[in-house]
Amino acid sequence: MIDSVLDRMTLEEQVSLLSGDDFWTTVAVGRLGVPKVKVTDGPNGARGAGSLVGGVEAACYPVGIALGATWNPELVRRMGVSLAGQAKSKGASILLAPTINIQRSGLNGRNFECYSEDPLLTAELAVAYVQGVQSQGVAATVKHFAGNESEVERQTMSSDIDERTMREIYFPPFEQTVKRGKAMAFMSAYNKINGVYASENHWLLTKVLREEWGFEGVVMSDWFGSRTTAETINAGLDLEMPGPTRDRGEKLVAAVRDGKVKAETVREAARRMLVLIERVGAFERTPDLSESFLDLEEDRALIRQLGAEGAVLLKNDGVLPLEKTSLDQIAVLGPNAASSRIMGGGSAQIATSYAVSPLQGIRAALQNPNSTRHAIGCRHNRLVELLQGDIRVEFFAGHGRKGTPLHVQTAAKGEFFWFDLPEKRLDPTNFSVRLSTTFTPDDAGEHVFGMTNAGLARLYIDDALLVDGQDGWTRGENYFGTANDEQRASISLEAGRSYCIRIDYDTPEASGEGIYITAVRFGVEKPLGIEYIDEAVEIARNSDVALVFVGRDGEWDTEGLDLPDLRLPGSQDELISRVAAVNSKTVVVLQTGGPIEMPWLDEVAAVIQFWYPGQELGNAVADVLFGDVEPGGKLPQTFPKSLKDNSAITGDPGTYPGRDGHVRYEEGVFIGYRHHDSRGIVPLFPFGHGLGYTEFTWGEPSVSSREMGHEGIAVTIDVRNVGSRAGSELVQLYVRSPKAKVERPDKELRAFAKLFISAGQTGTATLKIIPRDLSYYDEDAGAFRAEPGTYEIVIAANASDIRSVTHIELSHTYLMPPSA
Ligand code: BGC
């Protein structure tokens with residue numbers, strides 16, 4: 001059937017399939033019954049075709065690193081199934097997820113979106129996610145292939161990675177989603193690999209992905225990440241996104257006529273598009289692209305379960321779990337207590353219908369909500385707090401807000417990211433807006449107004465210009481590098497008086513190059529002085545336990561921008577230390593998208609990391625803190641004592657964040673625990689670390705054979721729950737290799753099992769390894785290679801907690817091509 005459709009298509013029609021129609025859909029060929037299909041972001045929900053900061057509501061699931069922390073592929077598979085339902089509710093056949101780049105520096109703005117620093121853990125979860133999504137007839141789009149481990153100059157940077165490192169660290173998750181996950185789609189990365197754009201990289205997209213791994217699906221570009229005609233299609237990039245086309249259409253037809261692209265190449269790419277459309281069932285039933293909000297009790301329950309399963313108890317001197325009945329006063333403190341930090345920033349954002357804050361979750365869990373007292377203590381926001389209220393939004397044709405507005409609407413928040421304009425007569429690259437609202441301060445004194453804008457904007461208070469986002473506008477880092485850095489101005493205001501706020505906005509010049517964004521965000525806040533920390537300290541002093549909710553939010557952990565360091569932003573370190581000084585039962589509840597430094601670690605009783613776990617945040621927090629549920633998470637990423645212990649942070653900007661357009665992955669395969677273990681650098685918390693509420697004893701491992709053969713080896717080990725409540729335990733298997741031609745990491749994770757064991761019961765972990773698990777990638781041989789010799793099988797609870805070591809032998813040299 002596909003062939004007969006292809007045969008009847010003109011070249012122009014085949015070409016039309018190879019670019020998007022608009023931001024989120026492909027082109028239909030009505031004459032031949034080829035429907036249009038919709039794609040949607042993204043990893044932690046299905047947003048639909050709305051703007052990044054709006055659209056139809058959707059359920060919000062945990063971010064990637066929180067899934068990484070579950071070490072639970074089965075639960076992640078169930079999330080994939082659930083997400084497919086969400087995608088369908090948005091009329092989408094293709095989900096733009098999962099993000100499976102590797103956590104390299106800890107500073108990547110998208111560290112939160114990725115699963116782990118380890119390729120095996122990433123691969124196992126990614127395969128489960130893809131299988132879950134695709135089991136429901138929705139295509140998963142594995143991204144970003146490859147080498148997209150930082151957001152610095154992300155549209156142009158070259159990730160310079162040697163082949164061995166690529167094959168051992170950065171490729172395996174992608175490889176497994178093809179070989180085992182049968183992923184239907186891939187997204188090429190924005191960056192270059194060793195000087196060649198991923199979207200133009202024939203070696204990457206054709207030789208490795210298709211010829212070696214056998215990928216049969218569609219490769220699409222990242223949004224505006226395709227910039228040429230012949231180069232991209234000849235490299236193997238099927239679909240240019242978003243549409244309408246920039247470099248294909250007539251240009252591609254001409255390239256075929258001029259002999260720069262073979263007609264057969266176009267036909268093959270068009271065939272892959274048709275196969276994808278067929279696989280998602282769109283030929284059988286033309287997709288209904290309309291969007292609705294799917295709000296299922298079972299999705300809510302799954303999200304809540306995932307939240308607790310990914311929560312990592314880093315330290316506990318016995319204060320946790322808290323006993324509800326024995327606590328008269330609980331201090332609920334910090335900038336993340338009453339605010340719901342449920343997701344990261346960038347294209348993974350969703351419009352949620354609700355989000356439970358920790359304070360709400362705790363109050364709901366307690367019989368007597370009066371026993372909680374809350375104080376914010378300090379702020380940590382990167383941008384000034386969003387202005388909330390009734391905002392009148394008037395749209396005008398052209399610049400300068402002339403005449404009567406073509407459309408008027410209202411909004412509740414001071415953030416606008418215009419994708420779909422509300423009125424057809426508005427030209428998306430040439431319109432202007434007036435935003436008007438009022439602001440009535442609660443307190444008198446200095447207030448800071450802030451604004452960042454993609455386009456030009458000015459903010460007026462009572463008709464006087466306060467923040468100028470027009471004169472001297474220069475490109476900064478917000479909105480994927482299309483807006484200026486936030487401009488701020490202070491003004492003294494009276495309490496209770498209503499001030500008129502007006503923002504005049506004009507769209508930017510369209511250059512035709514790269515991503516075009518029209519957006520503005522503005523806010524106001526009263527700087528919080530030391531008296532706010534004092535207030536939190538006084539509450540803590542008079543409470544039985546002090547819970548301090550700190551971390552970051554989606555303005556720090558966001559696409560488009562890397563982090564400046566691994567410190568908690570603002571005065572949060574000080575807040576924690578001062579609270580801990582007056583309350584010996586201080587529990588720090590962290591929410592960040594990756595590792596942080598903890599100068600106060602010795603001062604506090606417990607630390608637990610919740611990442612960004614989705615809309616059920618506060619309920620999951622209460623479940624775990626009060627012991628209704630076990631904290632099930634283990635670190636998927638090493639937490640170093642300080643940033644300088646990270647393998648990419650060498651002091652040479654060439655290795656991070658990059659120099660002259662190149663970032664050199666010079667540490668090679670020695671990243672994360674491979675770096676810490678091999679170089680003897682003690683981490684703050686090792687890879688795989690995480691405590692529970694019960695105790696386990698481990699037996700001795702037994703090995704199915706001492707000699708590694710083709711069929712592999714199984715290692716089994718009994719684990720007994722000797723505590724008084726049910727709990728989970730992670731068993732890791734690392735391989736330590738004999739000397740080889742190349743330097744190899746001290747040990748490498750090759751299998752893991754998470755056991756759920758009732759009190760007094762014994763569980764058995766069965767861990768399988770195959771010859772490739774003993775190998776390294778030998779560039780000269782173009783194959784994975786293992787030398788004959790004795791290999792150590794290291795059974796561990798985490799990278800620093802080895803429980804036993806046993807030996808196996810390999811008697812012959814083992815060579816395996818990457819295609820096997
Ligand atoms: C991101 C992708 C995303 C796409 C569409 C890009 O900025 O890198 O991950 O799927 O936008 O929103």
Side-chain angles (χ1 to χ4, degrees), residues 19-26 37-55 58 63-64 83 86-87 90 92-101 108-115 126 129 133 138-157 159 174 183 185-192 197-199 218-227 237 239-243 343-351 417-420 454 477-483 514-519 554 557-562 593:
S19 307
D21 197 6
D22 56 24
F23 234 80
W24 309 114
T25 63
T26 62
V37 291
K38 189 196 271 187
V39 304
T40 180
D41 283 312
N44 55 319
R47 187 179 59 240
S51 126
L52 294 193
V53 295
V63 299
L83 276 173
Q86 291 289 324
K90 298 290 178 287
S93 311
I94 301 164
L95 189 69
L96 302 175
T99 301
I100 59 168
N101 298 101
N108 181 8
R110 297 183 94 166
N111 196 83
F112 76 90
E113 247 185 275
C114 306
Y115 295 149
Y129 184 107
V133 170
V138 171
T141 311
V142 177
K143 65 189 188 183
H144 310 84
F145 190 50
N148 188 180
E149 275 74 37
S150 148
E151 292 294 285
V152 178
E153 297 169 30
R154 69 169 183 164
Q155 312 270 353
T156 51
M157 187 67 89
S159 297
F174 291 101
F186 256 53
M187 187 187 289
S188 59
Y190 280 126
N191 49 278
K192 299 171 190 147
Y197 277 110
S199 60
V218 160
V219 182
M220 69 182 79
S221 70
D222 200 345
W223 267 229
F224 302 98
S226 155
R227 13 179 126 218
L237 184 86
L239 179 63
E240 171 200 46
M241 284 303 282
M343 58 190 160
S347 63
Q349 292 176 85
I350 339 250
F417 199 131
W418 289 291
F419 267 54
D420 290 331
E477 290 185 315
N478 297 315
Y479 293 107
F480 314 113
T482 63
I515 192 160
Y516 183 81
I517 284 177
T518 52
D557 288 296
T558 182
E559 179 180 338
L561 183 72
D562 274 10

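Note that ligands are numbered from 1 as they come in the structure, with each ligand's atoms numbered from 1 the same way.
With values rounded to the nearest 0.5 angstrom, Phe224 atom CZ is found 10.5 Å from Thr482 atom OG1. Atom OG1 of Thr141 and atom NZ of Lys143 lie 8.0 Å apart (nearest 0.5 Å).
The side chain to side chain contact (heavy atoms under 4.5 Å, CB included) check on Thr518 picks up Trp418, Phe431, Tyr505, Thr507, Pro508, Tyr516, with sequence neighbours excluded.
With salt bridges taken as basic N to acidic carboxylate O contacts below 4.0 Å, one links Glu559 and Arg154.
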For ligand 1, find each of its N or O atoms that sits under 3.5 Å from a protein N or O atom, and tabulate the pairs with distances to one decimal place.
| residue | atom | partner | partner atom | Å |
| --- | --- | --- | --- | --- |
| ligand 1 | 7 (O) | Arg154 | NH2 | 3.4 |
| ligand 1 | 7 (O) | Tyr190 | OH | 3.1 |
| ligand 1 | 7 (O) | Glu559 | OE2 | 2.5 |
| ligand 1 | 8 (O) | Arg110 | NH1 | 2.8 |
| ligand 1 | 8 (O) | Asp222 | OD1 | 3.3 |
| ligand 1 | 8 (O) | Asp222 | OD2 | 2.6 |
| ligand 1 | 8 (O) | Glu559 | OE2 | 3.3 |
| ligand 1 | 9 (O) | Arg110 | NH2 | 2.9 |
| ligand 1 | 9 (O) | Lys143 | NZ | 2.9 |
| ligand 1 | 9 (O) | His144 | NE2 | 2.7 |
| ligand 1 | 10 (O) | Asp41 | OD1 | 2.6 |
| ligand 1 | 10 (O) | Lys143 | NZ | 3.0 |
| ligand 1 | 12 (O) | Asp41 | OD2 | 2.5 |

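Contact detail for Pro98 and Tyr115: the closest heavy-atom pair is CB-OH, 3.4 Å.
Put simply, the residue from Glu113, Arg110, His144 that forms a side chain to side chain donor-acceptor pair (under 3.5 Å) with Asn101 is His144.
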